[in-house]
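By convention in this document, chain letters (A, B, ...) are assigned in the order of the sequence lines, proteins followed by strands, and residues within each chain are numbered from 1. Not measured: the values here are computed from a predicted model.
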Number of protein chains: 2
Amino acid sequence: MSHTLGIRQAQKQKTRQALLDAALGLLEEQSLSSLGLREVTRAVGVAPTAFYRHFRSTADLGVALVEEALGSLHPMIRTTVSATGDHEERITRAIELIARHVDGYPAHVRFIARERHGGVQPVREAIRDQLARFAQEVKDELAKDPVSEGWTEDDLLMLAHLYVDQMLITASLFLEALEGPEEERAQRTRHVAQVATRQMRPVSYTHL
Amino acid sequence: MSHTLGIRQAQKQKTRQALLDAALGLLEEQSLSSLGLREVTRAVGVAPTAFYRHFRSTADLGVALVEEALGSLHPMIRTTVSATGDHEERITRAIELIARHVDGYPAHVRFIARERHGGVQPVREAIRDQLARFAQEVKDELAKDPVSEGWTEDDLLMLAHLYVDQMLITASLFLEALEGPEEERAQRTRHVAQVATRQMRPVSYTHL
DNA sequence: CCATGCAGTTAACAACTGTTCTCTGGAATT
DNA sequence: AATTCCAGAGAACAGTTGTTAACTGCATGG
């Protein structure tokens, strides 16, 4: 069904991706609200006006980056949190997923951590929406667990939001560990994983 | 001992404060890394060059804002977390302190939440230092509690950091509730307080 | 009372920004 | 083969930025 898109569209998507990549790189040392359109095109090596063929503004590009950073995570979340194994096991699985994701895409994680409370409203909203979707999905998995009987839908969703928040905090801590001096890295990573597990556990105990 | 500073220095501090206030206002809708020096002076009604009499750069002003936002909190933290009353009581006291602080200085709280992971390194560091001081102080109070016997200094400090992080998250949630529609405000505020208490409690239970 | 110090002003600078309009080369369509 | 389409280039615009220099007026200390 995927009819290979022509040379034309392929080239277009290529420069679009180049713009996204360049922006993500530049955003390691500044916030989105100070990112200039010319700055991005200069980094890619295209004319400033080419930017408009892909994004209305840098805020628009930011929203696209949110999709890129979080969009692909949904299926992974579902399977890791799915109701197989006991609580303890699910928690360690989730934390491992986070650790691997932070390790693989540190720039994306930093971007989300930074812009979640950042100065660009549409981007904040896009992040909030994605996190709400995560929470919804976590709730769906929680609901399958027999332990969840007797809980209202709202309570479960609230609990799911708690989990999602905790995951973000954990990701941020992993990132800090990653950015620190290399000799401490392994130790601090283990440390964060341990603290995060301890932090998550009581949340599920409220269940009982 | 405070020899009333002359007309000269008084006027200087006044414009300095005006610059800080104006910046804080402008930062409600953008990040520090995009805040221009001219923008600030224009809001105050003073020549752009006057800025340099007070700050080297906007980053420098940001560091001053961190001091203003968090500096005055240290004594309050000490007394609220001090070892009087049981854990439950201390927790509710701390959460009430946070709620009142967010209510009284929402712009400061937003600034800290935004710039903690923001794009300006010196400001991030200033915030990290202040939070480390908070953790140190909380640790000192924890150490006075007989329950803390048998814990190493490092473990206590780690626990204190956990508390401080949790306080910041709570502050951020209070702020979100405050920014939402007015009819939901009271309910959401109560909700946040309740969830925060539940979230903090297990942390201290790890003690036992 | 007079000389000094210094907060804030004025003017000018090169560099940079987002946005518009016009143009071009080559892929896509007919 | 001829035509349309459109991603990207190029040039120009008015407005903004941070920073420098030389100034002015007034509070200060001798």
Side-chain donor or acceptor of [X] paired with backbone N/O of [Y] under 3.5 Å:
| X | Y | value |
| --- | --- | --- |
| A:S33 | B:Q30 | no |
| B:D60 | B:R56 | yes |
| A:E115 | A:V123 | no |

*Please round to the nearest 0.5 Å and tell me the distance separating atom OG1 of B:T80 and atom CG of B:L73.*
9.0 Å
_Distance check, rounded to the nearest 0.5 Å: B:R16 atom CZ versus B:Q9 atom CD?_
12.0 Å
Just how far, in rounded Å, is [atom2] of [N] from [atom1] of [X]?
| X | N | atom1 | atom2 | value |
| --- | --- | --- | --- | --- |
| B:Q11 | D:dC26 | CD | P | 13 Å |
| A:F51 | C:dT20 | CZ | P | 14 Å |
| B:Q30 | D:dT17 | CD | C1' | 13 Å |
| B:Q17 | C:dG8 | CD | P | 13 Å |
| A:F55 | C:dG18 | CZ | P | 15 Å |
| B:K12 | C:dG8 | NZ | C1' | 11 Å |
| A:H54 | D:dC6 | NE2 | C1' | 11 Å |
| A:Q13 | D:dC6 | CD | P | 16 Å |

*Just to confirm, is there a sub-4.0 Å distance from OP1 or OP2 of C:dG8 to any side-chain nitrogen or oxygen of B:T15?*
yes
*Give a yes/no on whether any side-chain N or O of B:R42 is located under 4.0 angstrom from OP1 or OP2 of D:dG15.*
no
With the side chain of [X] defined as its heavy atoms from C-beta on, choose the nearest nucleotide among [options].
| X | options | value |
| --- | --- | --- |
| B:I7 | C:dT19, C:dT10, D:dT28 | D:dT28 |
| A:A50 | D:dG18, D:dA9, C:dG8 | D:dA9 |
| A:Y52 | D:dG18, C:dT9, C:dT20 | C:dT20 |

*Toward the 5' end of DNA chain C, by each residue's nearest nucleotide, A:P48 or A:R53*: A:P48
*Considering heavy-atom distances to DNA chain C, does B:R8 or A:R38 have its closest nucleotide positioned more toward the 5' end?*
B:R8
_Sugar-phosphate only, base, or nothing, as touched by B:R16 at under 4.0 Å among non-hydrogen atoms_ = nothing
*Kindly say whether, by distance alone, the side chain of B:T49 makes a donor-acceptor pair under 3.5 Å with the base of C:dT10?*
yes
